[in-house]
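Comments concern the structure below.
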Protein chains: 2
Amino acid sequence: MPVIALPDQPLDETSPTPLYFQLRELIADAIKGGQCGPDCQLPSERELAEKYGLSRMTVRQATVALVSDGLLIRRRGKGTYVAPPKYERGLFGLTSFSEDMKKRGLTPSARIISLRQVPAPSKTADIMGLAPGSTLVLLERLRLADDQPMAYEFSYLSFQRFPDLTEDLLGAGSLYELFWARYGIRLSHAWQSIEAVLASPREAKLLSINQGAPLLLLERTAYDETNTVVEFVKSLYRADRYRFSVQLQQNAGKWKGDG
Amino acid sequence: MPVIALPDQPLDETSPTPLYFQLRELIADAIKGGQCGPDCQLPSERELAEKYGLSRMTVRQATVALVSDGLLIRRRGKGTYVAPPKYERGLFGLTSFSEDMKKRGLTPSARIISLRQVPAPSKTADIMGLAPGSTLVLLERLRLADDQPMAYEFSYLSFQRFPDLTEDLLGAGSLYELFWARYGIRLSHAWQSIEAVLASPREAKLLSINQGAPLLLLERTAYDETNTVVEFVKSLYRADRYRFSVQLQQNAGKWKGDG
DNA sequence: GCCATCTAGTGGTCTATACCTCTAATTCGA
DNA sequence: TCGAATTAGAGGTATAGACCACTAGATGGC
């Protein structure tokens, strides 16, 4: 039962950032650093208070927040521990196809069907908060899992924001990774709806299924931190290979799940 | 800008329930009571502390928790207010068909197809944590919205737990309301999966659609506070009338959504 | 050898106080 | 009359100390 290692440097008393918040980041970084896995123990509140010259209440303000973030677990009479990476927690929320497949133990890849500029359909323009007829980038891809067709995907992106997207840039990789690596965009939240539809002849052919086979239609509108729409995606998933799961909570409508 | 009214009776100092928790429930009940809508102001922390004979820190412990529950909003320099009922929040999580339809502006009802005892299929017994062959209550219902078929639903319940379920008890009402009213059971969380399937002849006839039409298959396993399975439900929703939506969050995998 | 008791250390609750920043209304001067 | 300064009151941060309930290991009696 190892104890997690925290930096010895004192906190910055002069910073406008509150002390409890500094400590919170410190601990969060140490956990995410991963040198100390689940069930790893945190120094006791009294030890932390002495180490950083804080009162115990201030230390608690940091650790309590981390507990509600799901990074720590408290056990009365025993101590505070790094939370185990629960299956339903943390990892997800807003995941890309690539992440999703990896979590399912499958190897994701993609075949680009087309990448071109299109005038925004009125419904799409409305969703993306653009003027009707604005130029959009339409990325049409076949998503594969273990080299078998899994989904047929249409991604609409603002041309103004992504004027230089090329097939080379995309490769077979994750669009979300590209957002971050090339454009510095981090997605913060999304709205997603799920419907059941039947495969058209074209969809059936691409997905290697029969015409009229059931498909899950996922529509996702993803936002960045400034609440601007980054992409609007329509994905058609093969129902025989894909199932969407969520965990529902009674309390405050907080959900934990996976797509 | 009215101020929310709180009971004048003092908290129970002798109770094993912590004072901050008592205050928290008090405020939560007052908000849920609904006599005071959004943007209604809470008495200041100092006022609450004096009113209930608490220190301000204890009052904060209650209000801070309510903020993270989404019931309150704090505005520095101004005050603490009842949170607006955000569309994506609170209302849901684990909702019954009846609640779900009401939120969509539809009137829910139900037609009982059958209510009988069956031996548990092995998969179902496994899911419900019972011995294979245990007796289950199978409730088969057609769910209507505005008197039009919306879903075809199979609910499996433990016979041991619900030995006296009758059609009269059920009426056309909500099963979840019955759980609470008659058995004192409150659901706490559930695991739900969503697939796309095609309508069989029987399903098509009951739902008034064509054979082979697309359906959303929702499977839900609902648990009570003791982590015991209360029910296992399979619902077939008409894809032309029903769409499932969720809001995804990047952060800690906390989801907010609606089915 | 076994079981009850003790004890050190943990998180859980609570108090009383202090000073900070922020907001908005009031006051006061030009 | 208008704008700047004051001020009251809100939440935000932080302290030091107290006692409680719980856990688990150590102690001690039988």
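In what follows, every chain begins at residue 1, and chains take the letters A, B, ... in the order their sequences are listed.
No salt bridge links A:E45 with A:R76; every basic N to acidic carboxylate O contact stays at or beyond 4.0 Å.
B:E45 places its CD atom 16 Å from the P atom of C:dT23, with the value rounded to the nearest Å. Rounded to a whole Å, the CD atom of B:E47 is 13 Å from the C1' atom of D:dA8. At whole-Å resolution of the value, CG in A:L11 and C1' in D:dT13 are 14 Å apart. Atom CE in A:M57 sits roughly 14 Å away from atom P in C:dG11 (whole-Å rounding). The CG atom of A:L48 sits 13 Å away from the P atom of D:dT15 (whole-angstrom rounding). Rounded to a whole Å, the CD atom of A:Q41 is 14 Å from the P atom of C:dG9. Across the protein-nucleic acid pair, A:Q61 atom CD and C:dT13 atom P stand 15 Å apart, rounded to whole Å. One atom, CD1 of A:I73, and another, P of D:dT23, lie 15 Å apart when rounded to the nearest Å.
When distances run from any side-chain atom of B:R46 to the nucleotides D:dT13, D:dA10, C:dG11, the shortest one goes to D:dA10. Listed nucleotides: C:dA16, C:dG11, D:dG11. Nearest to the side chain of B:S55: C:dA16.
Aromatic pair B:F179/B:F162: ring centres closer than 6.0 Å.
Proximity of A:R75 to the phosphate of D:dC22: no side-chain N or O atom is located under 4.0 Å from OP1 or OP2. When the side-chain nitrogen and oxygen atoms of B:R60 are compared with OP1 and OP2 of D:dG11, none of them lie within a distance under 4.0 Å. The phosphate of D:dT15 has neither OP1 nor OP2 within less than 4.0 Å of any side-chain N or O from A:R56. One finds no side-chain N or O of B:K78 lying less than 4.0 angstrom from the OP1 or OP2 phosphate oxygen of D:dG11.
Note on B:T58: a base of the nucleic acid sits closer than 4.0 angstrom, heavy atoms only. Nucleic acid contact for B:T80: sugar-phosphate only, since backbone atoms but no base atoms lie under 4.0 Å from a heavy atom of the residue.
For the 3.5 Å distance criterion, the side chains of A:D100 and A:Y242 qualify, holding a donor opposite an acceptor. Judged by distance alone, the side chains of A:Y183 and A:D224 never bring a donor and an acceptor atom under 3.5 Å apart.
Judged by distance alone, with hydrogens and angles left aside, A:R76 brings no side-chain donor or acceptor close enough to the base of C:dG9 to form a pair under 3.5 Å.
Residues from residues 12-27 of chain A placing a heavy atom under 4.0 Å of any atom in DNA chain D, listed by number, are A:P18, A:L19, A:Y20.
When the options A:D69, A:D29, A:T63 are evaluated for a side chain to side chain donor-acceptor pair (under 3.5 Å) with A:R24, the one that passes is A:D69.
Geometric assessment of A:R75 against the ring of A:Y81 yields a positive cation-pi assignment under the 6.0 Å and 45° thresholds.
Enclosure of atom CD in A:E25 by more than 12 non-hydrogen atoms of other residues, nucleotides or ligands within 6.0 angstrom is indicated.
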